[in-house]
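In what follows, a single structure is set out as structure tokens and then discussed.
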Amino acid sequence: MVSFADVAAAHERIRGHAVRTPVLSSEAINAITGAQVFFKCENLQNMGAFKFRGAYNALSLLSQQEKAKGVIAFSSGNHAQAVALAGKMLGIKTVIVMPSNAPKIKLEGTRSHGAEVVVHEKNQSREEVTEAIRRQRGLTLIPPFNHPHVIAGQGTAAKELLEETGPLDVLLVPVGGGGLISGCSIAARELSPGCRVVGVEPAAGNDVTLSFQKKQIVTIDVPDTIADGARTQAPGPLTFELILKNVDEMLTVTDDELLRGMFTLWEKLRVVVEPTGALAFSALFHKRLNCEKQRVGVILSGGNVDLHWAAAQVDKQKY
């Protein structure tokens, strides 16, 4: 089990390498939501997402032999870029397995950090493709969320947020496989014991919400959602255990609601956030929970959005 001591150690390990991202507020958003909202802007992290924290921490803890042989990871985008960049900074060779329909900006970003990218088709299991390469080359697998060192690294985002804001009433966190909320909930339990930790998924990819409700891991089909960072089919055993222990509630938002939330952030907070990164705020914006007159922390998990795609959504939906 991952502890707050692990999160604190990870924070020291990534210090000077990860960005201590800003915490922003907006009077306009406070007026809209009726809450005092503090945004932890991980869209301004290295490679544009919180994933760098966990990747750097995990790669730093590899043995010299493992570092010499290299690592492999599978991801739809942000974990891919995070592992690639961390590997580049630490001098470790990286191989990344990505879906053929991954956003172009994330494919290009991963390659730009020197990673070898192996593309798999929709009908192929990314886990099976990854495992075959790992065995053949003797690489170390760095999972996107179900790994204690990855989870500890992700928890540093909430640790920094709470160090800056002090105690919060609610902490809203985007959820894919659960690595971010697992780590952040550990930090919240230690630094703000009375804080209500709430996870938010896309309605089309509600594997963690279903698992949370049924108190057992539920596997769904590959989700069809614009939140490409949350196209997971099930939480991992480790993330699920931590979520059951430390998370108070799971919510979902539709893709349409997600777009409205994302563009509201662009307009009111003046920051570029990707769909997955806007999950937590979208639940607050669309009144999925009552936070009237409360102090609310919101993790903006990433900002790697295809601007051509986003422009098309504005034109098509008249946002």
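In this chain, numbering begins with 1 at the start of the sequence shown. From a predicted model like this one, the values you see are computed outputs, not experimental measurements.
Side-chain atoms of T140 and K69 include no donor-acceptor pair closer than 3.5 Å. Side chains of T209 and E201: a donor on one and an acceptor on the other come within 3.5 Å. Between the side chains of K159 and H11, at least one donor N or O lies within less than 3.5 Å of an accepting N or O. A donor atom on one side chain and an acceptor atom on the other are not found under 3.5 Å apart for S60 and R13. A donor and an acceptor atom, one from each side chain of E257 and S282, are nowhere located under 3.5 Å apart. Side-chain contact check for T130 and E127: no donor-acceptor pair (N or O, by modelled atom type) lies under 3.5 Å. In summary, the side chains of E121 and Q124 do not present any donor paired with an acceptor at a separation below 3.5 Å, with no hydrogens or angles considered.
Nearest heavy atoms, T94 versus G87: CG2-CA, 3.9 Å. Contact between A227 and L258 at its shortest, heavy atoms only, is CB-CD2, 3.8 Å. For the residue pair V273 and G302, the shortest heavy atom distance occurs at CG1-O, 3.4 Å. Residues P223 and A230 approach most closely at CG-O, 4.2 Å, considering heavy atoms. Scanning all heavy atoms of the two residues, the minimum distance from H120 to V129 falls at CB-CG2, 4.2 Å. Nearest heavy-atom pair, K106 versus Q81, reported as atom, atom and distance to 0.1 Å: CG-NE2, 3.6 Å.
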* Can you check side-chain hydrogen bond (donor to acceptor under 3.5 Å, both in side chains) on T21 and E42, steps first, answer last? -> CA-CA 6 Å; T21 53; E42 286 298 287; 2.5 Å; yes

* **Trace of the salt bridge (Lys or Arg N to Asp or Glu O under 4.0 Å) decision for R111 with E108** => CA-CA 5 Å; R111 291 191 176 104; E108 291 177 347; over 6 Å; no

* Apply salt bridge (Lys or Arg N to Asp or Glu O under 4.0 Å) to K293 and D169, showing your working. => CA-CA 10 Å; K293 297 181 180 178; D169 297 305; over 6 Å; no

* Start with the C-alpha gap between R260 and D256, add the side-chain angles, then the distance that decides, and say whether side-chain contact (heavy atoms from CB on, under 4.5 Å) holds. => CA-CA 6 Å; R260 292 182 184 277; D256 187 64; 3.4 Å; yes

* To do: Evaluate side-chain contact (heavy atoms from CB on, under 4.5 Å) for L85 paired with H113, printing each intermediate quantity in order.
  => CA-CA 5 Å; L85 178 57; H113 298 310; 3.7 Å; yes

* Please assess N246 against V197 for the test side-chain contact (heavy atoms from CB on, under 4.5 Å), listing each intermediate value before the final yes or no. => CA-CA 7 Å; N246 296 320; V197 180; over 6 Å; no

* Check the pair V2 / I186 against side-chain contact (heavy atoms from CB on, under 4.5 Å), numbers first and verdict last. => CA-CA 8 Å; V2 185; I186 292 168; 3.8 Å; yes

* To do: Please step through salt bridge (Lys or Arg N to Asp or Glu O under 4.0 Å) for the pair E160 and R53, ending with a clear verdict.
  => CA-CA 12 Å; E160 290 178 0; R53 296 173 179 271; 2.8 Å; yes

* What's the verdict on salt bridge (Lys or Arg N to Asp or Glu O under 4.0 Å) for R126 and E131, showing C-alpha distance, side-chain angles and the deciding distance? -> CA-CA 8 Å; R126 64 180 186 176; E131 179 60 14; over 6 Å; no

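By the 6.0 Å and 45° rule, K214 does not stack over the aromatic ring of F212.
Side chains of T264 and E267 form no contact here, defined as non-hydrogen atoms less than 4.5 Å apart. The side-chain heavy atoms of C291 and T33, taken from C-beta on, include no pair separated by under 4.5 Å. Side-chain contact between F39 and S25: absent, with no pair of heavy atoms (C-beta onward) separated by less than 4.5 Å. Inter-residue side-chain proximity for Y56 and L90 is flagged as met; some heavy-atom pair is nearer than 4.5 Å. For the pair L107/T110, no side-chain contact is recorded, criterion being any heavy-atom separation below 4.5 Å from C-beta on. For the pair V208 and V218, the minimum side-chain heavy-atom distance is 4.5 Å or more.
Between the side chain of D6 and the backbone N or O of P148, no donor-acceptor pair lies under 3.5 Å. S211 places no side-chain N or O within 3.5 Å of a backbone atom of I217 that could act as its donor or acceptor partner. Without hydrogens or angle criteria, E66 side chain to S63 main chain gives a donor-acceptor distance under 3.5 Å. At least one donor-acceptor pair closer than 3.5 Å links the side chain of H79 to the backbone N or O of I142. Judged by distance alone, the side chain of S182 and the main-chain N or O of I151 form no donor-acceptor pair under 3.5 Å. Not one N or O on the side chain of T232 forms a donor-acceptor pair closer than 3.5 Å with the backbone of A234. The main-chain N or O of P167 is never found under 3.5 Å from a side-chain atom of S192 such that the two would form a donor-acceptor pair. Counting only distance, with no hydrogens or angles, the side chain of N146 and the backbone of T239 share a donor-acceptor pair below 3.5 Å.
Using a 4.0 Å cut-off between charged nitrogen and carboxylate oxygen, R137 and E116 count as a salt-bridge pair. Ion pairing between a basic and an acidic side chain is recognised when a charged N comes within 4.0 Å of a carboxylate O; K104 and D228 show no such pairing.
If you chain together hydrophobic residues whose side chains sit under 4.5 Å apart, F50 and V247 fall into the same group. If you chain together hydrophobic residues whose side chains sit under 4.5 Å apart, V83 and F145 never meet in one group. Tracing side-chain contacts under 4.5 Å through hydrophobic residues (I, L, V, M, F, W, Y), one never reaches I92 starting from V97; they form parts of separate clusters. Put simply, L238 and L244 are part of the same group of oily side chains (I, L, V, M, F, W, Y) that touch within less than 4.5 Å, one to the next. At a threshold of 4.5 Å between side-chain heavy atoms, the hydrophobic network of Ile, Leu, Val, Met, Phe, Trp and Tyr places V298 and V200 in one connected group.
Distance check, rounded to the nearest 0.5 Å: CD of E128 to CD1 of I133 gives 12.5 Å. Rounded to the nearest 0.5 Å, atoms NE2 (H286) and OG1 (T252) are 11.5 Å apart. Here CG of L24 is found 9.5 Å from CD1 of I29. Values are rounded to the nearest 0.5 Å. For the atom pair L44 CG and L300 CG, the distance stands at 8.5 Å (nearest 0.5 Å). Here CZ of R295 is found 4.0 Å from CZ of F38. Values are rounded to the nearest 0.5 Å. Atom CD of Q45 is separated from atom CZ of F52 by 6.5 Å, given to the nearest 0.5 angstrom.
Just one residue in the list I105, N78, N43, L279 forms a side chain to side chain contact (heavy atoms under 4.5 Å, CB included) with E274, and that residue is N78.
Between F263 and W266, the ring planes lie perpendicular to each other; the angle is over 60°, past the 30° to 60° tilted range.
The environment of R15 atom CZ is dense: over 12 non-hydrogen atoms of other residues, nucleotides or ligands sit within 6.0 angstrom. Other residues, nucleotides and ligands contribute over 12 non-hydrogen atoms within 6.0 Å of the NZ atom of K67. Around the CD atom of E27, the shell of radius 6.0 Å holds no more than 12 heavy atoms that belong to other residues, nucleotides or ligands. More than 12 non-hydrogen atoms from other residues, nucleotides or ligands lie less than 6.0 angstrom from NZ of K287.
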